[in-house]
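As the structure is a computational prediction, the values presented were derived from the model and not from experiment. The sequence lines fix the lettering, A, B, ..., with proteins before strands; numbering per chain opens at 1.
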Amino acid sequence: MSVLVNKHTRLLVQGYTGSQGTFHAQKSIEYGTNVVGGVTPGKGGQKHLDRPVFDTVAQGVKETGANASVIFVPPPFAADGILEAVDAGIEVIVCITEGIPVRDMIPVKRVIDERAASGKKVRLIGPNCPGIITPEECRIGIMPGHIHKKGNVGVVSRSGTLTYEAVGQLSALGIGQSTCIGIGGDPIIGTTHLDAIQLFNEDPDTHVIVMIGEIGGNAEETAAAYIKEHVKKPVVGFIAGQTAPPGRRMGHAGAIISGGSGKASDKMAAMREAGIHVCDTPAVIGSSVAKLLK
Amino acid sequence: MKIHEYQAKTILAQYGVPVPKGKVAFTVEEAETAAKELGGFVVVKAQIHAGGRGKGGGVKVAKTLEDAGQHIRAILGMQLVTHQTGPAGQKVQRLLVEEALPIEKEYYLGITLDRATGKNVFMASSEGGMEIEVVAAKTPEKILKETMEPGMGLSAYQARKLAFGIGIPAAAVNGAAKAMMQLAKAYEECDASLAEINPFILTKDGRTLALDAKINLDDNAMFRHKEFIDLRDLAEEDPLEVEASKFSLNYIKLDGNIACMVNGAGLAMATMDIIKYAGGEPANFLDVGGGANEEQIKNAFRILLSDEAVKAVLINIFGGILRCDILAAGVVNATRELHVAVPIVVRMEGTNVQEGKRILQDSGLNFTVAEDMRDAAEKVVAVVSGK
């Protein structure tokens with residue numbers, strides 16, 4: 001088992017015929033993902049990577065029964081791409097695009113929250129994220145598929161390569177993953193640490209959870225409070241940015257210590273307090289999980 | 001992007017938020033002319049991006065033109081040290097000369113994003129002129145908040161609620177509320193990520209104005225704000241960071257001596273952390289991104305090495321899309337071309353890692369290849385400390 005995506009997921013690629021869309025759609029197809037087609041306005045009716053191209057997401061959903069989409073659309077148009085997917089009834093929307101203005105994401109979050117509150121199935125992952133993968137079943141995004149291995153550890157992280165680092169350590173130790181979710185490094189994201197933790201907590205085949213955070217905001221603290229109350233499964237955590245100076249944006253738009261909040265030390269303290277096994281360095285994430293599995 | 005106070009006030013004035021009469025000056029003559037035009041009773045304010053300018057001696061009130069001249073000469077060109085500049089301070093190259101106003105009371109206004117709700121929050125406090133973080137820590141009940149609903153700005157009732165709530169006298173509430181609504185409008189339309197007016201003042205004659213102004217702009221929205229591009233002041237940024245930004249490299253200079261080159265922001269932060277954990281001090285944050293090519297790696301190297309404090313370089317790459325063999329070839333070429341003299345520790349993992357390691361070893365150059373992150377950090381710290 002896994003969360004959100006699996007071998008039955010039917011994926012549409014938005015920005016399908018662009019260079020990034022093409023490259024990663026190809027990689028996902030090679031990984032065994034069921035890519036049912038793609039969307040590039042104005043190129044409807046063509047074939048690309050042996051699959052149909054549609055002018056709109058709605059058309060693509062109607063023709064293929066797609067229930068997931070991945071967005072490789074440039075920043076000025078990406079928020080609109082998310083709204084289009086929401087409107088077409090896509091259930092899992094993964095936005096890879098980095099650099100979307102916050103002002104564009106505010107109404108997107110509102111629309112998604114309202115839909116979800118009215119009982120519709122809709123979930124955004126990202127933006128500015130590596131995507132989501134259920135090993136050996138479904139790869140949506142830009143992560144290197146081959147480092148993953150099927151198993152029982154759920155991984156959630158705000159960062160791309162740091163997730164690969166953790167996954168690489170796990171797989172090298174022979175420890176597989178149920179699903180790995182890169183939730184993204186922006187100030188406004190769809191799926192949060194808390195959401196991912198809830199999903200993993202309910203998934204019977206996830207036995208251990210790895211939660212990787214970084215400076216900025218207080219999403220890790222919120223997740224830690226939930227874990228303390230509701231999660232019986234062991235959780236291993238790490239926070240990047242213990243040496244980051246305040247007031248500076250560390251690469252990710254959301255990775256900034258501002259007004260004394262968002263510090264790594266506060267997050268780590270909250271996580272320890274919640275009973276999470278907090279790693280001092282990223283080098284021991286894999287071995288910490290291994291100890292818990294024994 | 002950070003902008004200067006006078007630039008922020010120009011934006012606010014365009015939106016109808018009242019600000020004091022004033023002029024920016026780049027020379028003593030310009031500043032003195034401005035002071036004369038404003039009648040001599042003026043405030044001379046250093047324009048640097050860092051906060052805490054007043055405490056550092058960068059803001060002075062002049063009673064007379066003579067006073068003003070003295071302050072102008074003292075502040076323009078000074079090395080202004082505040083709690084945000086670091087010990088070296090920041091050279092003052094621009095002044096804002098403003099009319100001095102008789103202040104009855106100081107308030108605080110601010111807007112920022114609440115990440116948890118994904119909505120902007122308008123904050124107001126009766127405790128103006130103090131650092132808002134201090135107010136938040138000591139007397140959080142003195143900060144009133146109103147959530148701005150997406151697409152609706154700050155509603156009139158919300159503005160009135162805040163204005164009455166922080167104790168603005170009834171006669172001045174309408175003006176203050178209008179200023180708040182216009183501030184919210186400016187914040188949204190300009191794609192700001194932070195707006196602060198501290199203090200927002202009530203004058204003795206009952207007017208409300210923005211006495212100070214701080215606006216940060218969302219870098220990601222600059223593509224639709226060509227009008228703001230010229231507001232960037234390169235003199236306020238580290239020269240190496242400016243250079244790095246030309247090549248789309250995410251570089252932040254730090255105080256240590258171990259340079260690091262990493263792909264991905266999270267891994268780059270984690271690499272800094274593990275250097276510190278191993279007993280070293282990172283010289284920088286550098287994310288070369290997921291799709292770095294040989295040219296970018298060369299530029300990254302050049303920038304890292306122009307920091308004279310650097311005694312060694314740690315390269316930590318998790319090759320996903322960026323293949324290790326391509327990275328290794330780039331590193332070898334850059335090392336040769338730039339005649340790199342400091343020791344380099346390389347840790348690579350991921351796609352084509354064996355091929356990458358072979359390229360490094362066959363190069364005949366002096367690379368130390370590390371097994372994992374901890375090994376890499378320990379090796380680079382050992383090299384620097386001469387062990």
K.L.:
To the nearest 0.5 Å, what is the distance between OG1 on A/Thr281 and CZ on B/Arg374?
P.N.:
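A/Thr281 atom OG1 to B/Arg374 atom CZ measures 5.5 Å (nearest 0.5 Å).
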K.L.:
Out of A/Ser157, A/Ala283, A/Pro144, A/Pro187, return the one with the most heavy atom pairs under 4.5 angstrom to chain B.
P.N.:
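Highest number of pairs under 4.5 Å: A/Pro187.
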K.L.:
What pairs meet the salt bridge (Lys or Arg N to Asp or Glu O under 4.0 Å) rule with one or both residues in residues 247-266 of chain B, with sequence neighbours excluded?
P.N.:
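Residue pairs with at least one partner in residues 247-266 of chain B: B/Lys253-B/Asp307.
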K.L.:
Would one find more than 12 heavy atoms of other residues, nucleotides or ligands at under 6.0 Å from atom CD of B/Glu227?
P.N.:
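Yes, because the 6.0 Å sphere around CD of B/Glu227 holds more than 12 heavy atoms from other groups.
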K.L.:
In terms of heavy-atom proximity below 4.5 Å to chain B, should A/Arg249 be classed as side chain, backbone, both, or neither?
P.N.:
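Both backbone and side chain.
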K.L.:
Show your working on side chain to side chain contact (heavy atoms under 4.5 Å, CB included) between B/Asp191 and A/Val102 and close with a plain yes or no.
P.N.:
CA-CA 8 Å; B/Asp191 279 291; A/Val102 166; over 6 Å; no
K.L.:
What part of A/Ile189 gets closer than 4.5 Å to chain B, counting heavy atoms only: side chain, backbone, both or neither?
P.N.:
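For A/Ile189, no heavy atom lies under 4.5 Å from chain B.
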K.L.:
To the nearest 0.5 Å, what is the distance between OG1 on B/Thr351 and NE2 on A/His146?
P.N.:
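It comes to 3.0 Å.
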K.L.:
Kindly give the heavy-atom pair with the smallest separation between B/Gly266 and A/Ala240, and that separation in Å.
P.N.:
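Heavy atoms of B/Gly266 and A/Ala240 come nearest at O-CB, 3.7 Å.
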K.L.:
Tell me, side chain or backbone of A/Leu194 under 4.5 Å from chain B's heavy atoms, or both, or neither?
P.N.:
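For A/Leu194, there is no contact with chain B at all, as no heavy atom is under 4.5 Å.
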K.L.:
Using the salt bridge (charged side-chain N to carboxylate O under 4.0 Å, His left out) rule, take A/Asp186 and B/Arg115 through it: C-alpha gap first, then chi angles, then the decisive distance, then the call.
P.N.:
CA-CA 10 Å; A/Asp186 273 0; B/Arg115 292 196 196 191; over 6 Å; no
K.L.:
Between A/Gly213, A/Gly168, A/Pro75, A/Gly217, which residue shows the highest count of heavy-atom pairs closer than 4.5 Å to chain B?
P.N.:
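Maximum pair count with chain B is reached by A/Gly217.
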K.L.:
Assess, by modelled atom type and distance only, whether the side chains of B/Asp273 and A/Thr243 contain a donor and an acceptor separated by less than 3.5 Å.
P.N.:
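Short answer, yes.
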K.L.:
Is any side-chain N of the basic residue among A/Asp113 and B/Lys119 closer than 4.0 Å to the acidic one's carboxylate O?
P.N.:
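No, A/Asp113 and B/Lys119 are not salt-bridged.
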K.L.:
Is it the case that over 12 heavy atoms from other parts of the model lie below 6.0 angstrom from the NZ atom of B/Lys357?
P.N.:
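Enclosed: over 12 neighbouring heavy atoms sit under 6.0 Å from NZ of B/Lys357.
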K.L.:
Using non-hydrogen atoms only, which part of A/Arg110 is less than 4.5 Å away from chain B: side chain, backbone, both, or neither?
P.N.:
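Just the side chain, heavy atoms under 4.5 Å.
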K.L.:
A/Gln242 versus chain B, heavy atoms under 4.5 Å apart: side chain, backbone, both or neither?
P.N.:
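Contact with chain B: backbone and side chain both.
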K.L.:
In terms of heavy-atom proximity below 4.5 Å to chain B, should A/Ile147 be classed as side chain, backbone, both, or neither?
P.N.:
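Only the side chain of A/Ile147 comes within 4.5 Å of chain B.
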